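Given the structure is predicted, the values throughout are model-derived calculations rather than measurements.
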Amino acid sequence: MKFSLGPLLYFWPKTDIEAFYHAATDSDADIVYLGETVCGKRRTMKPADWLLLARELAAAGKNVVLSTQALLEAPSEINVMKKYIANGEFSIEANDVSAIRLAHQQNVPFVVGPAVNCYNAQTLQLFVKQGMVRWCMPVELSRDWLSHTLNDCTAMGIRQQFETEVFSYGFLPLAYSARCFTARAEGRVKDDCQTCCIHYPQGLAANSQENQRLFTLNGIQTQSGYCYNLINDLASMKGLVDVVRISPLADDTLSTLSAFKQAESTGTTSPVTDHIHCNGYWHRLAGLDTQTI
């Protein structure tokens, strides 16, 4: 299996973003996704800045993919998406169906991101015809669901025409909204949010009245409260999953990626110590549950 660094889902200062990806040039990542996928107001990194990082990572031997925004709300955001697709050097991750259409029109190979509602082999067949080279399945789906879907793809003769990727570490991106929950938590309106999400480099915890962490607020994105972690489920991915996705959380993300790669090569399980972890969706359980080996 290959290992990828998913797109950064949080709003970090530009210097922190650049430092993280400079470090990623020497990491165990085979694939690196770059770009703003959550909110068009996060503009410290321009498309030209992402392209500079992309070229640096590509020169270090990484397979670089430019990720597009998931929920487009303004013409300026559409223009940024068009710049990514027309970059002329790198494939793209489409997190909105409009990006798939534009990529198809311009013969740009694309990855279908987990934000796209793709739940069956018939949809995958359509995307393959339009130029899809890899698919990251929606995060709430299970191993059993993936197995059944790929069996259907085999029966349809398309299984070998694309790679399958699974979001395997990080706070799960569950939903997107026109409202900004981080701004609301600070008593701000969205139009005057002052990009306050930069104060929460790993999102803002949202707890229940029983003080259980249910969600993580990340601007207009709602994430899981527990950190999804499939490090001890890698053996069950054999024959199904081509790419294991690690979502950037902090500086130790690259160490986490290395731990995943070592666990995959040795077949050993690993204790989890950071955050509160879950793997329920992979096992057809409630999302917050953990299935132990």
Side-chain angles (χ1 to χ4, degrees), residues 4-17 20-21 32-45 50 66-74 77 80-81 93-96 99 113-117 136 138-140 166-208 211-230 245-253 256-257 274-278 280-281 287-288:
S4 69
L5 278 177
L8 175 63
L9 300 180
Y10 307 101
F11 190 31
W12 293 356
K14 183 179 179 181
T15 53
D16 291 357
I17 293 173
F20 177 79
Y21 286 110
V32 180
Y33 293 85
L34 298 174
E36 175 55 51
T37 65
V38 177
C39 180
K41 291 187 175 183
R42 301 174 177 180
R43 300 191 182 106
T44 57
M45 291 288 291
W50 288 116
L66 299 180
S67 296
T68 67
Q69 193 171 320
L71 181 61
L72 301 167
E73 298 185 86
E77 296 169 357
V80 170
M81 178 182 70
E93 179 188 46
N95 285 300
D96 182 90
V116 176
N117 294 329
C136 187
V139 299
E140 72 274 19
V166 169
F167 188 110
S168 301
Y169 182 86
F171 293 109
L172 295 167
L174 300 175
Y176 298 83
S177 172
R179 296 180 179 272
C180 178
F181 300 111
T182 306
R184 176 65 176 173
E186 289 204 353
R188 304 177 186 275
V189 297
K190 183 181 179 183
D191 290 342
D192 188 30
C193 68
Q194 299 180 29
T195 54
C196 58
C197 49
I198 202 167
H199 301 146
Y200 309 99
Q202 293 187 24
L204 175 62
N207 296 340
S208 69
N211 205 33
Q212 179 187 21
R213 180 164 176 168
L214 292 180
F215 300 109
T216 301
L217 306 182
N218 178 36
I220 67 169
Q221 183 185 70
T222 301
Q223 301 177 315
S224 60
Y226 294 174
C227 181
Y228 202 54
N229 190 345
L230 299 184
R245 177 177 294 204
I246 308 299
S247 185
L249 280 178
D251 292 340
D252 61 355
T253 299
T256 299
L257 191 152
D274 62 321
H275 304 293
I276 301 175
H277 291 266
C278 62
Y281 283 143
L288 293 176

Return the minimal non-hydrogen interatomic distance between [X] and [Y], and the atom names on each side.
X    : Y    : value
L204 : A185 : CD2-CB, 3.6 Å
F167 : L230 : O-CD1, 4.0 Å
A183 : C196 : CA-SG, 3.7 Å

Got a second to check how far [X]'s [atom1] is from [Y]'s [atom2], nearest 0.5 Å?
X    : Y    : atom1 : atom2 : result
L66  : Y33  : CG    : OH    : 11.5 Å
N229 : C278 : CG    : SG    : 8.5 Å
E140 : Y281 : CD    : OH    : 6.5 Å
L214 : N207 : CG    : CG    : 7.0 Å
H199 : E186 : NE2   : CD    : 6.0 Å
L5   : T256 : CG    : OG1   : 10.0 Å

Can you tell if the side chain of [X] reaches within under 4.5 Å of the side chain of [Y], non-hydrogen atoms only?
X    : Y    : value
R245 : P7   : yes
Y228 : S168 : no
Y169 : L249 : yes
D96  : L71  : no
C227 : R213 : no
P173 : V139 : yes

Exercise. Looking at residues at least two apart in the chain, or sitting in another chain, which of them share a side-chain hydrogen bond (donor to acceptor under 3.5 Å, both in side chains) with S4?
Worked result: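 For S4 the side-chain hydrogen bond (donor to acceptor under 3.5 Å, both in side chains) partners, ignoring immediate neighbours, are E165.
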
Exercise. With distance as the sole criterion, is a donor-acceptor pair present between the side chains of Q221 and Y10 under 3.5 Å?
Worked result: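 Absent: no donor and acceptor within the cut-off.
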
Exercise. Is the CZ atom of R188 crowded by more than 12 outside heavy atoms at less than 6.0 Å?
Worked result: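 Yes.
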
For this session: Walk me through it: do L72 and M81 pass the test side chain to side chain contact (heavy atoms under 4.5 Å, CB included)?
Result: CA-CA 9 Å; L72 301 167; M81 178 182 70; 3.7 Å; yes

[X] side chain to [Y] backbone, donor-acceptor under 3.5 Å:
X    : Y    : result
K190 : A178 : yes
E77  : E73  : yes
N95  : T68  : yes
S224 : L172 : yes

Problem set entry | Results of ring pair (Phe, Tyr, Trp, His ring centres under 6.0 Å) for F20 - residues two or more places apart only |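 Partners of F20 by the ring pair (Phe, Tyr, Trp, His ring centres under 6.0 Å) criterion, ordered by chain and then number, come out as W12.
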
Exercise. Pairs in or reaching into residues 34-45: which pass side-chain hydrogen bond (donor to acceptor under 3.5 Å, both in side chains), with residues at least two apart or in two chains?
Worked result: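 Sorted result for residues 34-45: R42-N218.
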
For this session: Evaluate the side chain to side chain contact (heavy atoms under 4.5 Å, CB included) criterion for residues L174 and F215: first the C-alpha distance (whole Å), next the side-chain angles of each, then the deciding distance (0.1 Å), finally the verdict.
Result: CA-CA 9 Å; L174 300 175; F215 300 109; 4.2 Å; yes

For this session: Determine, step by step, whether L217 and R184 satisfy the side chain to side chain contact (heavy atoms under 4.5 Å, CB included) criterion, reporting the C-alpha distance in whole Å, the side-chain angles of both residues, the deciding distance to 0.1 Å, and the verdict.
Result: CA-CA 10 Å; L217 306 182; R184 176 65 176 173; over 6 Å; no

Problem set entry | Worked check of side chain to side chain contact (heavy atoms under 4.5 Å, CB included) between L8 and Y21 | CA-CA 10 Å; L8 175 63; Y21 286 110; 3.7 Å; yes

